[in-house]
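Here's the structure we're looking at; comments come further down.
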Amino acid sequence: MTELQTLRHSCAHVLANAILVLWPEAQFAAGPPTSNGFYYDVELSHRITPEDFELLEREMRRIIHAAQPFEKQVVSRQEALELGRSGELASLGARSTPSYFKLDIIERIPLEEEITLYRNGSFLDLCAGPHVSDTSKINAFRLTHVASAYYRGDEKNPQLQRIYGTAFPTQEELEHYFSMLEESKKRDHRKLGKELQLFTFDDQVGPGLPLWLPKGTVLLEELEKLAKETEFQAGYERVKTPHIAREELYKTSGHLPYYAQSMFPSMELEDDDQKSSYYLKAMNCPHHHKLFSALPRSYRDLPIRFAEYGTCYRYEKSGELMGLMRVRAMNMNDGHIYCTEEQFAEEFRAVNDMYLQYFRLFGITRYQMRFSTHDPAKLGEKFVDDPLRWRRTEAMVRDVLTSNNIHFVEIPNEAAFYGPKIDVQVWSATGREFTLATNQVDFAVPQRFGLLYTTSENKKATPLCIHRAPLGTHERFLGFLIEHFAGDFPVWLAPQQVRIMPVSTRAINYATMLLQELRSHGVRARADLSTEKIGAKIRLAQLEKIPHMIVIGEREEKTGTLSLRSREKGDEGVLSKEIFYQRLQEEILQRKLTTKIKEI
RNA sequence: GCCGACGUAGCACAGUGGUAGUGCAGCUGAUUCGUAAUCAGCAGGUCAGGGGUUCGAAUCCCCUCGUCGGCUCCA
């Protein structure tokens, strides 16, 4: 535990202590530090609301001022259980009700592990520690919000109140944290999406079903163009598949009944006395597998790389929906590579290179590669029972990562049921973690589909499959990009690239001419011919985050020049049309990263 | 899905039982202006939807829908 985490965890103890002063019957579960602060899970009939925070914080400050030392105590399992039964754990003293969550936690502590308690004042808690020396070391803290959480994250368990807070070594750092939080709220894609008129949701259309406004559609199509060009260069072939399929397809793939609760309910049809069920597709792979099996395949054809911007529908739980980051209808930058085991490493490496190429293009530096592997104990249950293949493919993936010096974390037991995978994790403006992109190995499903190719020895063999989505889905990727750029899209992506602003109606003709020239160059330009003053026009364009603003008047008209103001640099002075057009072309064609990226 | 909070004009918000408001955006007119807001006028609402309590409901109660903060899963 880092020093900051220790501080925050100690603060969680003080929070529990304060809650007990107000509600002595409270039952506590876990109270760990988090990446931004800490929380404590509590079961209590009183609903703690933000209005209670002031009272709680006052009590916490009292405890902090008392400078109560944190005293560690090693106890036997038996002693710990007895204290729990008499309600003394996470309590200010003996109670009539046992500390049942703490008792459950004790049961889960491995036998060989030491059990420790920590006490400050009269508050005693089961805790692995460590803690700060005494409560006065906690200086700057604040309770932030309250939410609910199931005990141990399982919805079959009781629901607890989770009180969140944060703590910092100094008041300045605490205040800085909250001002950062304010800043990041400004770049929340839901807020910017509304302000910049990128997308909308409508109750009658349905929750989690984004409607793309014209400006958002530009982003979406530019992204798609990028993917198509990149995939063409990488030897992919584009395919197109329908949005629905018969039940049988998903029985073959194994998604039914496993994945059924995440799919929209089936459509039941009755044609010519023949009943059939259709499902909206939740993934594209089964369709692509059918494209593979549609033709006889030889080892000479491999690798075969299919790519499609496939629209998928997933019935995400209503409480899980979140702006563009989690939706029910999504366009996946999907692709499937069918290859031999010998080709695998090279193909997998190429996919990784594609990720990195995209990340460089967008200036994405804050992400985590997560390598998810299987758990040998769960073979045949959560994971396909093929230990040899697991070992081989995991070794191949690990090797690709390390030989390319790609930093990654390895997480066991998180693989797909059909093979290991790499997920790229990013964080939204509100701090939530999302999988932006994925790269998965599949050595099981091609077999279920009976996919075969003819080997050089004229035998039949099943290919390996790589599922990959370097740009994830349009929805999530754009949600992420909106926040990443804070709405300041680089010129090549910007819904409107140039705004022409005549200083008076006298320059309207020149403005119209420039507009036509820019359009003929394929530039997304508009002219502001309103009678507003130039300051007002600039303000409007700046708020709309248009990268290039062109100010023209009689001076420019006479000399065939234009006065450029850029979103980032402000007034850039007068330059010739030709020089500006050339600069624009470069920015657009080379997809230059013209935005200054402000990390938060 | 579950727990909690919230839902007032296109947007941001005020209004806690007695005639629905402010700012910005919009529309109309005037203004012709050189790098982040020219002035004036006008229009805009089943207060999310439905039901109830009350002489009277945006306001109190119930149901539904949606959004937000979390829990699980995931692109």
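Per chain, numbering begins at 1; letters A, B, ... match sequence-line order.
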Among the nucleotides B:rU67, B:rG1, B:rA36, whichever has the atom closest to the side chain of A:R539 is B:rA36
Original post:
Which value, in whole Å, describes the distance between the C1' atoms of nucleotides B:rC13 and B:rC74?
Top reply: 36 Å
Assert: residue with more 5' nearest nucleotide on RNA chain B, out of A:M332 and A:A536, is A:A536
Next item on the list: Answer whether the closest heavy-atom distance between the side chains of A:V441 and A:E394 falls below 4.5 Å.
Entry: no
Just call it for A:R432: base, sugar-phosphate, or nothing, with non-hydrogen atoms closer than 4.0 Å on any strand. sugar-phosphate
Per-nt protein contacts along nucleotides 27-34 of chain B (heavy atom under 4.0 Å; B base, S backbone sugar-phosphate only, - none) come out as ----BBBB
Q.
Would you say that A:R314 contacts A:R326 through its side chain, given a criterion of any heavy-atom pair below 4.5 Å between the two side chains?
A. no
Practice prompt. Please confirm whether A:H467 and A:Y418 have ring centers closer than 6.0 angstrom.
Written response: yes
(request) Look at all strands and tell whether A:E316 reaches a base, only sugar-phosphate, or nothing, counting heavy atoms closer than 4.0 Å. (result) base
Margin query: For B:rC3, does the base pair up with any side-chain atom of A:Y150 as donor and acceptor (N or O, under 3.5 Å, distance only)?
Written below: no
Mind listing the side-chain donor-acceptor pairs of residues 193-210 of chain A below 3.5 Å, one per line with the distance, residues two or more places apart or on another chain?
unit_1	atom_1	unit_2	atom_2	d
A:E195	OE2	A:K191	NZ	3.2
A:D202	OD1	A:Q204	N	2.7
A:D202	OD1	A:V205	N	3.3

For A:R476, which contact category applies under a 4.0 Å heavy-atom criterion: base, sugar-phosphate, or nothing?
base
The answer to which of A:T49 and A:A437 contacts RNA chain B further toward the 5' end, by nearest nucleotide, is A:T49
Whole-angstrom distance between B:rC68 and B:rG26, as gauged at atom P: 27 Å
Q.
With a 4.0 Å limit, can you tell me whether A:Q159 has a side-chain N or O closer than that to the phosphate oxygens OP1/OP2 of B:rG70?
A. no
Of B:rC74, B:rA36, B:rC3, the nucleotide closest to the side chain of A:E414 is B:rC74
Among the nucleotides B:rG69, B:rC2, B:rA75, whichever has the atom closest to the side chain of A:M322 is B:rG69
| request: Check every strand shown and say whether A:D203 touches a base, only sugar-phosphate, or nothing at a heavy-atom separation below 4.0 Å. | output: sugar-phosphate
Between B:rU67 and B:rA57 - C1' atom distance, rounded Å
24 Å
Categorize A:R565 for me: base, sugar-phosphate, or nothing, with a 4.0 angstrom heavy-atom threshold over every strand shown. base
Out of B:rC74, B:rG1, B:rA75, minimum distance to the side chain of A:S318 belongs to B:rG1
Assign A:V327 to base, sugar-phosphate, or nothing according to its heavy-atom contacts below 4.0 angstrom with the strands shown.
base
Taking the P atom of each, how far is B:rG23 from B:rC61, in whole Å?
32 Å
message = Considering every strand and a 4.0 Å limit on heavy-atom distances, what is the contact class for A:L436: base, sugar-phosphate, or nothing?
response = sugar-phosphate
NZ (A:K421) and CD1 (A:I466) are apart, to the nearest 0.5 Å, by 15.5 Å
Measuring only the P atom in each nucleotide, how far is B:rG21 from B:rG56? A whole number of Å is fine.
22 Å
Check: If the C1' atom of B:rU59 is compared with that of B:rC24, how far apart are they to the nearest Å?
Finding: 26 Å
Suppose you measure atom P in B:rU16 against the same atom in B:rA58; what distance do you get, rounded to whole Å? 13 Å
*Between A:H145 and A:Y164, is the gap from one ring center to the other below 6.0 Å?*
yes
Problem set entry | Pair A:F434-A:F480, ring-ring contact (aromatic ring centres under 6.0 Å, His included): steps then yes or no | CA-CA 9 Å; A:F434 288 96; A:F480 172 78; 9.6 Å; no
So CZ of A:R468 and NE2 of A:H336: to nearest 0.5 Å the spacing works out to 9.0 Å
Glycosidic torsion of B:rU16 (syn if within 90° of 0, anti otherwise) classifies it as syn
query: How is A:A149 classified with respect to the nucleic acid when contacts are heavy atoms under 4.0 Å: base, sugar-phosphate, or nothing?
result: sugar-phosphate
The ring-ring contact (aromatic ring centres under 6.0 Å, His included) partners of A:Y309 (sequence neighbours excluded) come to A:H474
Check every strand shown and say whether A:A541 touches a base, only sugar-phosphate, or nothing at a heavy-atom separation below 4.0 Å. nothing
message = By the 4.0 Å heavy-atom rule, please label A:R190 as base, sugar-phosphate, or nothing.
response = sugar-phosphate
- Query: If you look at every strand shown and take non-hydrogen atoms under 4.0 Å, does A:Y164 touch a base, only sugar-phosphate, or nothing?
  - Reply: sugar-phosphate
Next on the checklist: Would you measure the distance from the C1' atom in B:rU22 across to the matching atom in B:rG45 and give it in whole Å?
Outcome noted: 15 Å
Exercise for the section: Could you check whether A:T435 gets within reach of a base, just the sugar-phosphate, or nothing at all, counting any heavy atom under 4.0 Å? Expected result: sugar-phosphate
* At under 4.0 Å between heavy atoms, what does A:G573 touch on the DNA or RNA strands: base, sugar-phosphate, or nothing? -> nothing
